[in-house]
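To start, the structure itself, in structure tokens.
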Amino acid sequence: MYDLAIIGAGWAGYNAALRAKESNLKVALIEKAFIGGVCLNSGCIPAKSLIQSARVLNLVKKSSDFGIESLEPHLNFLKVQQRKNKIVEGLRSGMQFMLRGVDFFNAEAKIISSQEIDLNGKIIKTKFILLATGSAPQELEQLKFDGKKIISSSDILSSDEIPSSLLIIGGGAIGCEFAGLFASLGTKVVILEKRSSLLPGVDSEIARKIENILRRKGIGISTNADLLSVNLKDFSRVLVCVGRSVKISIPGLEKIKVEVDNGRVIVDEYLKTSLDNVYAAGDCTAQVMLAHFAAYQGRLAVDNMFNKDGPKSSDSLNVPSCIYTDPEVAFVGLSEEAALEKNIDININKFDFLGLGMARVIGETQGLLKIISDKNTGSILGASIMGPKATEIIGILTLALSSKLNLKQLRSAIFAHPTLSESISEALR
Ligand SMILES: Cc1cc2nc3c(=O)[nH]c(=O)nc-3n(C[C@H](O)[C@H](O)[C@H](O)COP(=O)(O)OP(=O)(O)OC[C@H]3O[C@@H](n4cnc5c(N)ncnc54)[C@H](O)[C@@H]3O)c2cc1C
């Protein structure tokens, strides 16, 4: 009898397994595809690996700005993909190594009862089950994926050729990352977004700046757009990036009556489903659909199943979001608009990266940092950054926010010079 059987070895399931292993529990981790789930195999890591190659290409192209006269760079996309695959495989074997002591089953889990799971004919028994089955690319009713012309993020990440032209439907984080990536690789890119601006959820001043930067890179952007307004024949590929679909598919799940709404597993604040011994974590709960939140929920679900000190509720307040455009975007807590909508009297500390020594040194001065605080108490409410390494700098502000620091306390910290994180102390002056 296992203490815990985890279905899905994405970031939620993997982190849950490690947490359970730390607590000396007997754990089964079940995965029908590859360890690492979407994040490692068809999401964060492969996307960022290709983006890094595009960055290197851009840097070589502007090397003469740094006094380095180099020849015209030659892009070898096959090698770019090989590098990406090597990174993914390396990380996958690292995860396998970390899972020593956990029973890993490469099989599709089928539910027999709330304590029995069928793995290709082998039945295992378990006290608890964690559902961590993740999400898949969302299809459009009128544009079904065919893997050739109408493609998903997973298709494009494994493609061995660079499309000559690419229509991206959806100007959210993933759409904008792919737009910047393929424009850098020489593809003619157009983004079609049905809303009035790109990057919903991002501070509107920063979203506008990113839109202008993408346009200056030669990317066509059509907002308030109707799908019918474009001729798909004008593009060699159509990449649909309209979000992620959460449709839990575990054969036999209906037998145990776990409550599901439109494919999403319903959980309470402690990540427990409608059954006492079945919990869920990560994208399949459709809360904050990010890898680090999935990992947090995976660990929390295990703590709540076995912790005798009482359960802790899942908190999505201080979860940073990162977008790997060039320049990068990152934010945590409340944006200016969100704070104003809540009628909070706010103070905004802003800093433009043009005035930052390190931004000049690395030749990346497009950037803006905004810290939103409560005017009356000085409490930090949120921060938004656009700029080089924004995705790293946000970690400091996430820590400040989750430690409930106020402006005065953050201001008293000494930031090293010259660094990009100095943008924080500059904003607070
Ligand atoms: C292109 C792209 C870029 C992204 N970039 C970022 C980023 O930069 N940062 C970030 O935080 N997030 C990013 N994300 C989102 C991130 O990938 C997801 O939030 C994360 O993967 C969710 O983890 P999970 O464990 O909940 O689910 P998943 O990673 O989806 O894993 C679920 C696993 O369950 C398995 N499974 C399902 N059903 C069964 C079954 N019946 N039996 C056995 N196994 C089963 C699946 O095969 C899968 O491997 C990105 C996503 C995409 C698509």
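The figures here come from the full heavy-atom set of this structure, side chains too, leaving out hydrogens, waters and symmetry mates. Computed from a predicted model, the values in this text were never measured in an experiment. Just follow the structure's listing: the first ligand is 1, and inside any ligand the first atom is 1.
- Here A107 has backbone heavy atoms under 4.0 Å from ligand 1, and that is the only part of it that gets that close.
- Heavy atoms of S135 come nearer than 4.0 angstrom to ligand 1 in at least one pair.
- In this structure, K188 forms a cation-pi arrangement with F235, its terminal cationic atom sitting closer than 6.0 Å to the ring centre and no more than 45° off the ring axis.
- At least one heavy atom of S249 sits less than 4.0 Å from an atom of ligand 1.
- Closest heavy-atom approach to atom 44 (N) of ligand 1 within the set M289, K32, R244: this belongs to K32.
- Using modelled atom types and a 3.5 Å distance limit, the side chains of S402 and N318 yield no donor-acceptor pair.
- Distances between N or O atoms of S42 and those of ligand 1 include no value under 3.5 Å.
- Nearest to atom 26 (O) of ligand 1 among the protein's heavy atoms is D283 N, 2.8 Å.
- Judged by distance alone, the side chains of E328 and T391 do bring a donor and an acceptor atom under 3.5 Å apart.
- The shortest separation from a heavy atom of A132 to ligand 1 is under 4.0 Å, placing the residue in contact.
- When all heavy atoms of V38 and S135 are compared, the closest pair comes out as CG2-O, 3.8 Å.
- Nearest non-hydrogen protein atom to atom 8 (O) of ligand 1 is K48 NZ, 2.7 Å.
- The part of Y324 lying near ligand 1 is the side chain, judged by heavy-atom distances below 4.0 Å.
- Proximity of A294 to ligand 1, defined as any heavy-atom pair under 4.0 Å, is confined to the side chain (atoms from C-beta onward).
- Between H292 and ligand 1, a contact under 3.5 Å exists for at least one N or O pair.
- Looking at N304, its side chain does come within 3.5 Å of a backbone N or O of Y270 through a donor-acceptor pair.
- Under 4.0 Å from ligand 1, the heavy atoms of I7 that appear belong solely to its side chain.
- Nearest to atom 6 (C) of ligand 1 by heavy-atom distance, out of A280, G298, C44, is C44.
- The shortest non-hydrogen separation linking M358 to T419 is CB-C, 3.6 Å.
- Residues forming a side chain to side chain donor-acceptor pair (under 3.5 Å) with D276 (at least two apart in sequence, or on another chain): K272.
- When heavy-atom distances to ligand 1 are checked against a 4.0 Å cut-off, A173 has no atom that comes that close, whether in backbone or side chain.
- Closest to atom 29 (O) of ligand 1 among all protein heavy atoms lies V38 N, 2.8 Å.
- At under 3.5 Å, a nitrogen or oxygen of A12, whether backbone or side chain, sits near a nitrogen or oxygen of ligand 1.
- Within the 4.0 Å heavy-atom criterion, the part of I174 lying near ligand 1 is the side chain and not the backbone.
- Counting only non-hydrogen atoms, the option in G243, A291, G37, A16 that gets closest to atom 11 (O) of ligand 1 is A291.
- No donor-acceptor contact under 3.5 angstrom links the side chains of K79 and Q82, judged on distance only.
- Contact annotation for A109 and ligand 1: heavy atoms of both the backbone and the side chain come within less than 4.0 Å of the ligand.
- For S154, there are no side chain to side chain donor-acceptor pair (under 3.5 Å) partners, not counting sequence neighbours.
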